[in-house]
2 protein chains.
Amino acid sequence: MSIGISQATVQNRTMSLRYALLALLTAQPMTGYDLAKAFHISVGHVWYAPDSQIYPELRRMEAAGLVDGVALPWGDKGTKTEYHVTDAGISEFVDWMNLPLRYTRERDPAHLKAAYFEWADPDAVREQLRAHVAHYEDQRRQWLEQLESIRDHTHPIFAKRLERYPSSEWPRITAFKMFAYEGLAARAEQEIAWAQRGLRLVDELAGESAAD
Amino acid sequence: MSIGISQATVQNRTMSLRYALLALLTAQPMTGYDLAKAFHISVGHVWYAPDSQIYPELRRMEAAGLVDGVALPWGDKGTKTEYHVTDAGISEFVDWMNLPLRYTRERDPAHLKAAYFEWADPDAVREQLRAHVAHYEDQRRQWLEQLESIRDHTHPIFAKRLERYPSSEWPRITAFKMFAYEGLAARAEQEIAWAQRGLRLVDELAGESAAD
DNA sequence: CTCAAATACCTATGGCGATAGTTATGGACT
DNA sequence: AGTCCATAACTATCGCCATAGGTATTTGAG
């Protein structure tokens with residue numbers, strides 16, 4: 001019995017939304033709306049979720065005792081709910097962080113299509129490969145931006161998080177976050193290179209059939 | 001109006017299961033069971049789907065006129081349904097092949113966790129990174145195997161598919177398929193390299209804090 | 001020749017996710 | 001004072017996907 005394991009280890013799927021929310025809430029208490037916003041400028045780059053999933057998940061998490069919902073007045077008669085992580089929430093998060101991931105099977109529309117490109121017009125293939133390049137160039141740019149703002153601690157939510165730690169811990173925390181984003185940037189570069197190889201391939205094949 | 005577009009361009013999500021099935025059925029008519037098997041040794045490497053999705057999707061596709069279901073006797077009283085692509089099915093598939101993809105937002109549990117690795121024990125981090133390496137080494141191996149069997153035309157389903165084309169077309173078809181799998185193999189290598197960088201990072205950080 | 005195991009075929013249920021809403025508040029401009 | 005519009009908070013619906021079954025047929029071992 002080396003590591004304490006919570007009883008709720010059922011964990012059907014990855015359930016990553018839950019842990020992404022917990023991760024954000026360890027920085028500071030937030031309302032559902034704040035979380036949705038924070039998502040988009042932070043974890044959202046690594047795990048996207050729309051509001052419509054965040055609100056119900058927060059309620060489920062409250063039912064599970066992972067967060068406390070505090071009703072705050074909003075306007076004259078309305079209320080909004082601000083969520084605070086509980087100790088149980090922290091411990092669930094730490095458990096998840098220490099448990100290995102379950103890898104899910106590959107499911108990649110872009111490569112699926114590529115495997116059947118002989119069915120498409122060469123021009124349509126080119127267009128799709130160029131779109132692939134454009135998409136991952138955009139991703140790459142975003143990730144590099146994140147990387148910069150993490151490196152120099154101008155990232156608002158990340159800065160907030162660091163405040164809760166002694167500055168001796170900062171390099172460690174910063175290093176891991178940069179590591180994650182570097183991996184994503186490298187992946188984007190790989191995808192760009194792949195699509196560009198594809199563009200050359202289409203040209204070659206067009207050349208050959210023209211030479212027939 | 002350069003490209004004929006079918007009226008059913010609603011296409012909520014990627015709907016890739018449908019097109020993966022059509023792709024397989026363009027090689028030969030099959031039953032749901034055959035398709036499930038074919039899936040695992042062919043498209044399955046690029047788009048996984050369990051039987052429980054394949055059967056209902058086939059029925060939906062039949063309702064949409066993309067495939068014809070032919071009831072064949074199975075045993076004494078049973079029947080099984082063999083599906084054949086219709087012309088409408090082919091044209092739907094070609095349309096999809098010619099249309100650009102809609103890219104979905106990033107959602108990656110491994111990188112999500114990596115961004116918060118400061119919450120986990122260094123040993124747990126190492127274990128997870130090693131699992132990441134192992135997982136992608138396995139994937140890489142599988143993809144390289146596919147690549148080989150496509151290159152030398154020993155892949156059973158792929159060989160069947162080639163039979164329907166004049167041999168002058170073979171290089172083109174083979175090239176695209178190899179291109180797709182090469183991309184996946186390259187991605188796997190990228191992931192392996194990333195996780196190994198992570199392992200070095202954990203060692204460095206452990207060294208620093210030990211030196212404190 | 002019969003029984004178990006493997007193969008073939010198919011279904012049910014429930015969670016997660018995406019799109020698209022709805023209702024409420026605070027300010028800005030006229 | 002009224003009406004826009006942006007912000008904030010939250011809900012509904014529907015399709016995909018995964019886990020987990022369930023029933024029929026063939027094979028083959030004893």
Side-chain angles (χ1 to χ4, degrees), chain A residues 8 10-21 29-41 43-44 47-64 69-83 102-109 112, chain B residues 8 10-21 29-40 43-44 47-64 69-83 101-109 112:
Chain A
V10 188
Q11 187 180 330
N12 305 354
R13 228 135 316 217
T14 63
M15 294 266 273
S16 298
L17 173 59
R18 168 164 303 193
Y19 300 104
L21 291 172
M30 283 186 262
T31 67
Y33 187 81
D34 294 335
L35 275 164
K37 257 199 317 187
F39 234 86
H40 295 128
I41 59 172
V43 218
W47 190 275
Y48 168 76
D51 319 6
S52 59
Q53 267 177 271
I54 293 177
Y55 288 103
E57 182 63 24
L58 283 169
R59 249 176 283 116
R60 262 175 263 137
M61 288 164 70
E62 185 174 18
V70 178
L72 297 180
W74 179 59
D76 286 340
K77 35 198 159 181
T79 60
K80 60 181 179 179
T81 314
E82 188 182 64
Y83 290 93
R102 292 176 55 185
Y103 286 86
T104 134
R105 250 69 67 93
E106 210 57 35
R107 192 168 280 145
D108 183 333
L112 169 61
Chain B
V10 188
Q11 186 180 329
N12 307 352
R13 228 135 317 220
T14 63
M15 293 266 273
S16 298
L17 173 58
R18 168 164 301 193
Y19 299 104
L21 291 171
M30 283 187 262
T31 67
Y33 187 82
D34 294 335
L35 275 164
K37 257 200 318 187
F39 233 87
H40 295 128
V43 218
W47 190 273
Y48 169 78
D51 321 6
S52 59
Q53 265 177 271
I54 292 178
Y55 287 104
E57 181 64 26
L58 284 170
R59 250 177 282 116
R60 262 174 264 137
M61 288 164 70
E62 186 174 17
V70 178
L72 297 180
W74 179 58
D76 286 343
K77 32 195 160 183
T79 57
K80 60 182 178 180
T81 313
E82 188 181 65
Y83 290 94
L101 268 183
R102 292 177 54 186
Y103 286 87
T104 136
R105 251 69 66 95
E106 210 57 36
R107 190 170 281 146
D108 184 333
L112 169 60

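Letters A, B, ... mirror the listed sequences (proteins, then strands); counts begin at 1.
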(request) Looking only at side-chain atoms of A/Arg102, point me to the closest of D/dA8, C/dC10, D/dT19. (result) D/dT19
(message) Keeping A/Arg107 on the side-chain end and B/Tyr48 on the backbone end, is there a donor-acceptor pair under 3.5 Å?
(response) yes
(request) Taking only the side-chain nitrogens and oxygens of A/Thr31, find out if one of them lies under 4.0 Å from OP1 or OP2 of D/dA9. (result) yes
(message) Between B/Val70 and B/Thr81, does the side-chain contact (heavy atoms from CB on, under 4.5 Å) criterion hold? Intermediate values first, please.
(response) CA-CA 5 Å; B/Val70 178; B/Thr81 313; 6.0 Å; no
(message) The test is side-chain contact (heavy atoms from CB on, under 4.5 Å); show your working for B/Ile54 and B/Leu21 and say whether it passes.
(response) CA-CA 8 Å; B/Ile54 292 178; B/Leu21 291 171; 4.0 Å; yes
(request) Name the closest nucleotide to the B/Ser52 side chain, picking from C/dT19, D/dC10, D/dT19. (result) D/dT19
(request) For B/Asp51 and for B/Arg60, find the nucleotide of DNA chain D with the closest heavy atom, then tell me which residue's nucleotide is more 5'. (result) B/Arg60
(message) When you measure from the side-chain N and O atoms of B/Thr79 to the phosphate of C/dC9, is any distance below 4.0 Å, counting only OP1 and OP2?
(response) no
(message) Taking 4.0 Å as the cut-off, does a side-chain nitrogen or oxygen of B/Tyr33 come that near to OP1 or OP2 on C/dC9?
(response) no
(request) For D/dC16, take OP1 and OP2 only and decide whether either is under 4.0 Å from a side-chain N or O of B/Gln53. (result) no
(request) Check whether any side-chain N or O of A/Glu62 sits under 3.5 Å from a backbone N or O of A/Gly69 as a donor-acceptor pair, and report yes or no. (result) yes
(message) Would you say A/Ser16 places a side-chain N or O within less than 4.0 Å of OP1 or OP2 belonging to C/dC16?
(response) no
(message) Closest approach to the side chain of B/Tyr48, judged atom by atom: which nucleotide of D/dC10, D/dA18, C/dC10 is it?
(response) D/dA18
(request) Could you tell me the separation between the CG atom of A/Leu21 and the P atom of C/dC16, rounded to a whole number of Å? (result) 12 Å
(request) Name the nucleic acid region contacted by A/Arg59, choosing base, sugar-phosphate or nothing; use a 4.0 angstrom heavy-atom cut-off, strictly under. (result) sugar-phosphate
(request) Round to a whole Å and report the spacing from NZ of B/Lys80 to C1' of C/dC9. (result) 9 Å
(message) Taking the nucleotide of DNA chain C with the nearest heavy atom to each, does B/Arg105 or B/Pro56 sit closer to the 5' end?
(response) B/Pro56
(message) Regarding A/Arg107, tell me which of base, sugar-phosphate or nothing describes its non-hydrogen contacts under 4.0 Å with the strands shown.
(response) sugar-phosphate
